[in-house]
Peer 1: 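My questions all concern the structure below.
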2 protein chains.
Amino acid sequence: MGNLPQYKQVYEELRRQIAAGLFAAGDLLPSEHELCAQYSVARPTVRKALDQLVSDGFIQKQQGKGSIVKGAPKGIGILSLTGTTSALSSPNLSTHIILRPELRSWTEAFSFPVEPQEQRAGCIYFERLRLLDDEPVFFDLTMLPNSGLPRFEEYDLENRSLFDTLRTRYQIVVTGGTQQLFAIRADKRLQEYLKVRAGHPILQLNRKIETNRPGFHIYSQVFCATQGYGLIGTF
Amino acid sequence: MGNLPQYKQVYEELRRQIAAGLFAAGDLLPSEHELCAQYSVARPTVRKALDQLVSDGFIQKQQGKGSIVKGAPKGIGILSLTGTTSALSSPNLSTHIILRPELRSWTEAFSFPVEPQEQRAGCIYFERLRLLDDEPVFFDLTMLPNSGLPRFEEYDLENRSLFDTLRTRYQIVVTGGTQQLFAIRADKRLQEYLKVRAGHPILQLNRKIETNRPGFHIYSQVFCATQGYGLIGTF
DNA sequence: CCTCATTTGTACGTATGTATC
DNA sequence: TGATACATACGTACAAATGAG
């Protein structure tokens, strides 16, 4: 049932090793031939896993040389898609739940229309504030269809990335998406949460994220005060 | 010499057809089996081309059903990587060259350090202003290493996407990158180019883009006034 | 400069599983 | 239920780039 395909097992294992820092940036992964032996799979299987790591930004490949480790994605990875792990695995970054996941009805999500089956399923909605060194950096609102996510509330959104939870618990992975970016002035609510003065420039990000599960989208809206550091992402 | 691998030929042809609107959004591409027959290639070759189209956001795949065309990426595709074509193929979007490509020396690019071989090669630098319906929407600065780009100045940056030119003329494709986003207040120069009042919130984007050519990066800085429309991208 | 082993890139064929309609 | 379509997986072969000698 919940068995992962072999290429995903290899992917998850290598990804874990890289994220855990077992390879320094610039190191070479074992060659494809060696990986085949280690995991007892054929080369196309290993290559598929490596392709994933490339598109996730964990490695680069170079013909005749090998697979070069780029290291765990750095920064506040809100813009990186599958690499958002780093956002919450960073030791000095914490998450404060402003509004715990609750069930709502919905017809639209941050200006994106929701699809009929999503509307029927209802909406899981929650709000979080992310802090870096106890300073608020961004405030985000998330909407998910309430379908096929048993025991979702049990999973610890304070300490785990949403995308990690969806990927490892429910086999839901991001396949693409659409985003809108705005620079706006802080309103009252943002002034309070992000601790900025009135009219301070704020980055706003609306995203509709597609997944491998047909008709299942993640909708999110993020506000970020970028004074000082900027919002970093790999892609 | 300049022969493309078969999977890239299939990719380019299908991409061209989708971008040209030969398929409506929601249409199915021919099945993998049919594509094999059409292009006289094996199924793994077709699948590799389709994988590319998926990761570029042109199609979605669904097991048992087929490859669903999502249509040409819409909006100002500054954030989409390989799909930036749309930005300049849009009929009402035009490009004004503020500063024609010129050769410079460089040691850093928008806060990103440049690598030694790039520094030795020198820097191609240019500035462009993009207009939508004759209204300025964003202002961008680009830096490229001056190596392996014969006759670069001849190619028409006013009417073609930079990424398209690099991909089709020089076989340089984007493999990933890092970006920093900021919300800032407009300074004097931005007030002039983007026609906004002093202190208006502006979106700033610094990017270091990696390519399949080792040691060749594209550095760009983009400023955008997002009042009204927002900056849209697919990923 | 050339040779050679290593490593990744491209391509084909085949087989089987699983989702969709 | 069956036909179709995509997903996964293995094996093979050769090409092209890299780096060591």
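Note that the coordinates shown come from a computational prediction; the quantities given were computed from them, not determined experimentally. The figures that follow rest on heavy atoms only: side chains count, while hydrogens, waters and symmetry mates do not. Chain letters run A, B, ... following the sequence lines, proteins first, then strands; residues in each count from 1.
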Peer 1: Nearest whole angstrom, please: distance from the C1' of D/dT8 to the CD of B/E32.
Peer 2: 12 Å
Peer 1: With no hydrogens and no angle check, do the side chains of B/Y11 and B/Q6 hold a donor and an acceptor under 3.5 Å apart?
Peer 2: no
Peer 1: Whole angstrom is fine here: how far is it from CD in B/Q9 over to C1' in C/dT10?
Peer 2: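 That distance rounds to 12 Å.
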Peer 1: Hey, which of these two, B/H33 or B/P44, hits DNA chain D nearer its 5' end, going by closest nucleotide?
Peer 2: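 Result of the comparison: B/H33.
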Peer 1: Write down the distance between CZ (B/R47) and P (D/dC6), rounded to a whole number of angstrom.
Peer 2: 8 Å
Peer 1: Could you check how far CG of A/L50 sits from P of C/dT8, rounded to whole Å?
Peer 2: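 Atom-to-atom, A/L50 to C/dT8, this comes out as 8 Å.
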Peer 1: Is the shortest side-chain N to carboxylate O distance from A/R169 to A/E154 below 4.0 Å?
Peer 2: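 So A/R169 does not pair with A/E154 through a salt bridge.
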Peer 1: Does D/dC10 have OP1 or OP2 sitting under 4.0 Å from an N or O in the side chain of A/T45?
Peer 2: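 Yes.
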Peer 1: Of the options D/dT18, D/dA7, C/dT8, whose atoms approach the side-chain atoms of A/Q63 most closely?
Peer 2: C/dT8
Peer 1: Ignoring hydrogens and angles, does a donor from either the side chain of B/R43 or the base of D/dA7 sit under 3.5 Å from an acceptor on the other?
Peer 2: yes
Peer 1: Between A/Q6 and B/K65, who's closer to the 5' end of DNA chain D by nearest nucleotide?
Peer 2: B/K65
Peer 1: Are the aromatic ring centres of A/Y125 and A/W106 under 6.0 angstrom apart?
Peer 2: no
Peer 1: Looking only at the side chains, is there a donor atom on one of A/E13 and A/Q9 sitting less than 3.5 Å from an acceptor on the other?
Peer 2: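 Note: A/E13 and A/Q9 side chains miss the donor-acceptor criterion.
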Peer 1: Check the distance between C/dC21's C1' and B/I68's CD1 and give it to me in whole angstrom.
Peer 2: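 It works out to 13 Å between those atoms.
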Peer 1: In this structure, how many angstroms lie between the C1' atom of D/dA3 and the CD atom of B/E34, rounded?
Peer 2: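 My rounded result for the distance is 14 Å.
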Peer 1: Figure out the CG/P separation between A/L28 and D/dT18, and round it to whole Å.
Peer 2: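 Going from CG in A/L28 over to P in D/dT18 covers 13 Å.
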Peer 1: Under a plain distance cut-off of 3.5 Å, with no hydrogens placed, do B/E12 and B/Y7 share a side-chain donor-acceptor pair?
Peer 2: no
Peer 1: Would you mind reading off the distance between B/Q60 atom CD and D/dA5 atom C1', rounded to a whole angstrom?
Peer 2: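 So the CD-C1' distance, B/Q60 to D/dA5, works out to 16 Å.
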Peer 1: Between D/dC10, D/dT8, C/dC12, which nucleotide gets closest to the side-chain atoms of B/A42?
Peer 2: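 Of the candidates, C/dC12 comes closest.
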Peer 1: Which of these nucleotides, C/dT10, D/dA5, C/dT8, is closest to any side-chain atom of B/S31?
Peer 2: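 So the nucleotide nearest the side chain must be D/dA5.
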